[in-house]
Amino acid sequence: MNEKILVIEDDPSALRFIEYTLKLEGYQVLSAKDGLEGIKKARDEHPSLIVLDIMLPGLDGYALCQQLRQKPETSLLPILMLSAKARQEDKDIGLRMGADDYLTKPADPVVIIAKVKALLAGTSQIISKNPDIEKSQS
Amino acid sequence: MTKMPIKANRRASNPPRRETDGKPLSTTSGFPLQDEQAEELLHTICDNSPVGIYVLQDRRFQYVNPKFVELTGYSKDELLGMDAMGLVLPEGRNMVRESAIEMLKGKRFYPYEFRAITKAGKPRWIIATVSSIHYRGSRAVLGNYMDITDRKQVEEALQAEKNKLQSLIDAMQDDISIQDRGYNIIFQNEPSMISSGGDHVGEKCYRVYEGEEKVCKDCPVEKAFKDGKSHTAERRTAIAGMVTFWENTANPIKNAKGEVVSCLEIGRNITTRRKQEQALADELIRRRLLVDQSLDGIVVLDVDANVVEANQSFAEMLGYTLEEVHELHTWDWDKNFPPEQILEMGRNVDEKGLHLETEHTRKDGSVIDVDISINGTMCGGQKLIFCVCRDITTRKRAEKALEASRASFHNIVEMSADGVVVTDSNGVIRFVNQALESLLNHKADELLGEMFDFPVVAGETTEIDIVRRDGKPGVAEMRVVETKWDGETAYLASVRDITERKQVEGKLRELDRMKSELISNISHELRSPLHATQGFTKLMLQKKVPDPETQEEFLAIIDEQIERLGRLIDDLLDMSRFEAGRFSIQKRQTSVRDVIHDAVGSFDCLAKEKSLTINEDIPASLPKIEIDEERLEQVMVNLLSNAIKFRKDNSPIMVKVENSGSELLVQVIDHGIGIPTEAMPHLFEKFYRAKDAMARGGTGLGLYISKQIIEAHGGRIWAESEPGKGSTFYFTIPKLKQKKKRIGEILVADGLITRQQLEEKLRKQQDGEYRP
């Protein structure tokens with residue numbers, strides 16, 4: 001359980017929360033505070049998964065996601081978008097840009113962990129369609 | 001001239017018979033008397049004879065009786081011994097000689113005629129005979145000599161008359177025949193023979209001409225025989241199916257006693273005339289029918305406007321009987337023209353005619369519209385005026401209704417605010433209304449006949465780009481329907497300028513979009529602090545934060561995030577106050593320096609974490625001025641937050657205050673990413689958020705609220721920026737008290753004027769004074 005997770009988040013309190021939650025589950029957590037730093041770490045640190053905010057200074061989450069998908073080494077990297085942008089269209093854009101899943105802030109730590117585990121296990125789709133989990137996050 | 005043997009005359013060229021001739025005195029040759037006795041006897045007989053008698057020996061007169069002397073005009077002595085040929089005109093001498101020789105030789109038995117000449121030189125017609133005798137012992141010629149000049153003259157005159165009559169008869173085309181009292185044809189001229197198929201002289205006329213066995217019915221000849229007068233009858237014959245008409249005139253021929261002895265019948269073929277008459281009669285009937293059957297009223301007038309004739313339709317048109325109409329004058333039914341004018345029209349109208357529309361008054365007083373064609377012509381020596389009148393009341397009413405309808409249509413179309421254009425099927429403009437002229441910025445005469453610039457498809461509504469009168473582009477909505485124009489397929493397009501509507505719609509859409517954006521942003525801004533707050537709360541509730549220090553750290557974050565939520569809610573409330581005009585500031589005498597210092601101080605904790613440097617350049621001696629310190633600090637925090645948000649490479653931020661005359665000028669200077677030029681005019685609009693790099697959260701209300709606050713203080717706020725190098729935000733605060741503002745505040749407080757109206761007024765008053 002030493003999988004490396006990269007959290008790209010500019011809001012310090014939000015980052016602190018997600019970092020704590022993931023570490024609690026035994027994941028190794030890397031963080032980046034803006035898009036460019038995020039790209040760099042995603043490429044250099046070989047994380048197993050990225051938790052990605054959208055509203056970032058400089059390069060936003062959508063663009064970052066798109067860039068990662070275009071690079072061979074990160075094209076299959078699981079990406080979980082975690083954003084306060086709660087409209088359906090925001091989610092649609094995120095998934096279109098290449099995110100594997102999308103969670104809306106505020107998010108329950110249990111749901112975050114479930115999503116992360118599912119994505120890492122490659123069963124994200126099954127879980128995302130589980131109505132119980134969907135309910136618990138809204 | 002009765003019972004003239006005309007036919008005999010026509011064929012005979014024989015010398016005329018002489019019924020009145022006397023017997024020849026001597027046709028024998030030789031007289032058995034002795035000379036003396038014979039001579040004495042001869043002289044005795046001859047001297048008393050009414051006939052001229054002479055005796056010739058060797059052509060010379062040996063004896064002449066007194067009558068001969070009288071006839072020749074010579075004396076007896078002159079004649080005796082004179083050559084007999086001297087009495088004959090030279091032209092006849094040979095004939096006389098030969099006739100005499102033939103007679104003396106016994107070859108000729110009838111007298112001969114010749115012209116003699118008297119001593120006085122007068123020519124006389126003579127008839128003579130000669131015979132051979134013995135006189136005084138020798139052979140001699142005894143001649144009889146009678147003057148027939150008078151008879152000859154009568155005969156010649158008669159012959160001339162006969163010739164004339166013959167020529168006349170020959171020249172006549174009519175059939176001529178003469179019947180005697182027994183109806184036997186005694187003469188036929190050539191046409192008569194041709195008509196009857198040959199020479200029928202001697203046959204009964206009724207058999208020849210009619211194939212009857214007795215005198216024909218109504219025979220004019222029979223009548224002429226009865227009363228001795230001329231009679232005429234018409235008869236019709238059908239020969240081989242060809243009908244011919246004849247007019248036969250019988251003229252009685254009377255003898256010297258006045259008795260009718262025969263009858264001259266002249267037959268004239270009148271078939272052609274009869275056919276013409278029949279055709280004329282048929283034509284008249286046809287015309288009569290036309291007139292009677294005509295739906296148009298027909299009236300014939302004389303020059304005095306009396307009705308000469310009218311048809312039933314005319315009478316019905318006027319509501320009179322036909323009899324009544326004949327008692328009327330033109331002015332009885334046409335009140336549109338004075339009688340003098342009607343009479344003048346009647347006098348002037350000719351065969352070319354004239355055409356006019358007028359009104360006729362009916363018997364019942366009602367008025368109808370009529371259309372009249374008038375012709376004048378001479379007819380039987382009298383000028384007549386022929387009028388054909390048509391009741392066009394219905395048509396006229398329809399025309400008026402149409403005219404009215406057109407007028408209302410015209411008004412509606414012309415008054416319409418929508419442009420109306422009619423094009424034919426080729427897109428050529430046939431009609432435009434005023435509104436369209438304005439819409440397309442062209443006069444009607446520039447448009448008519450030209451191609452319409454836009455495609456017209458029936459049943460479609462399209463938006464078209466137009467150039468408005470001010471030269472700016474606009475949008476119009478065009479609806480097209482198919483219609484008829486002058487009977488042909490055309491398109492009617494109504495064009496409505498929807499530029500304003502479009503602009504409003506655009507603004508509304510923009511507003512809607514901004515509102516939706518705002519809600520999204522508010523939601524985002526609320527969710528961000530909630531995220532941390534809820535996340536830590538749940539972790540603790542789930543007993544996943546056993547460490548007390550960590551618990552404390554998390555609670556501090558929760559506290560901070562709740563504060564952030566509070567600020568956010570304040571911003572939203574402020575905005576809604578501005579919107580409703582309920583925003584107010586509470587001013588107190590305050591040190592601007594302290595306020596700015598506090599604002600900068602609020603970033604201390606952040607400054608440490610983010611290696612932030614905020615430099616202050618504030619003059620030590622700043623006057624206290626009347627401000628709302630909380631609001632002013634809010635402005636400073638907003639400006640500093642932005643500066644921090646958009647700075648790059650941890651570059652320092654500078655806050656600078658200048659004492660500038662009647663006001664203080666505050667500047668917040670950063671060396672950040674700068675503001676795109678296109679975003680500059682919108683910086684202080686609510687919800688405005690620059691795209692791309694500028695999209696960094698926030699409510700989009702910070703600068704908007706700051707502007708409201710500064711303006712509420714009577715100051716101004718603006719920004720200068722260079723993309724890539726940084727931005728400077730400026731605002732001013734007036735140092736002096738604003739008395740007007742206080743009055744204004746009272747007005748606002750009393751609800752007499754809204755905050756916005758007041759501020760608008762104040763801004764206008766101060767514009768000249770504070771413009772940099």
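Only this structure's heavy atoms are used, side chains among them; waters, hydrogens and symmetry mates stay out. Lettering follows sequence order; numbering is per chain, from 1.
You'll find the ring centres of Phe554(B) and Tyr20(A) inside the 6.0 Å limit. In this structure, Phe684(B) has its ring center at least 6.0 angstrom away from the ring center of Tyr704(B).
Proximity to chain B is absent for every atom of Ile18(A), based on heavy atoms less than 4.5 angstrom apart. Of the two parts of Glu553(B), only the side chain, counted from C-beta on, holds a non-hydrogen atom closer than 4.5 Å to a non-hydrogen atom of chain A. Looking at Thr550(B), only its side chain comes within 4.5 Å of chain A, counting heavy atoms on both sides. Heavy atoms of Leu530(B) lying under 4.5 Å from chain A belong to its backbone as well as its side chain.
Interface check for chain A: of the options Ser520(B), Pro529(B), Ser516(B), the most heavy-atom pairs under 4.5 Å are formed by Ser520(B). Comparing Ile557(B), Val545(B), Thr533(B) by how many heavy-atom pairs each has under 4.5 Å with chain A, the most go to Val545(B).
Ile50(A) and Ala42(A) get closest at one heavy-atom pair: CD1-CB, 3.7 Å. Heavy-atom minimum distance, Ile653(B) versus Asp670(B): CG1-CB, 4.2 Å.
A donor and an acceptor atom, one from each side chain of Gln634(B) and Asp574(B), are located under 3.5 Å apart.
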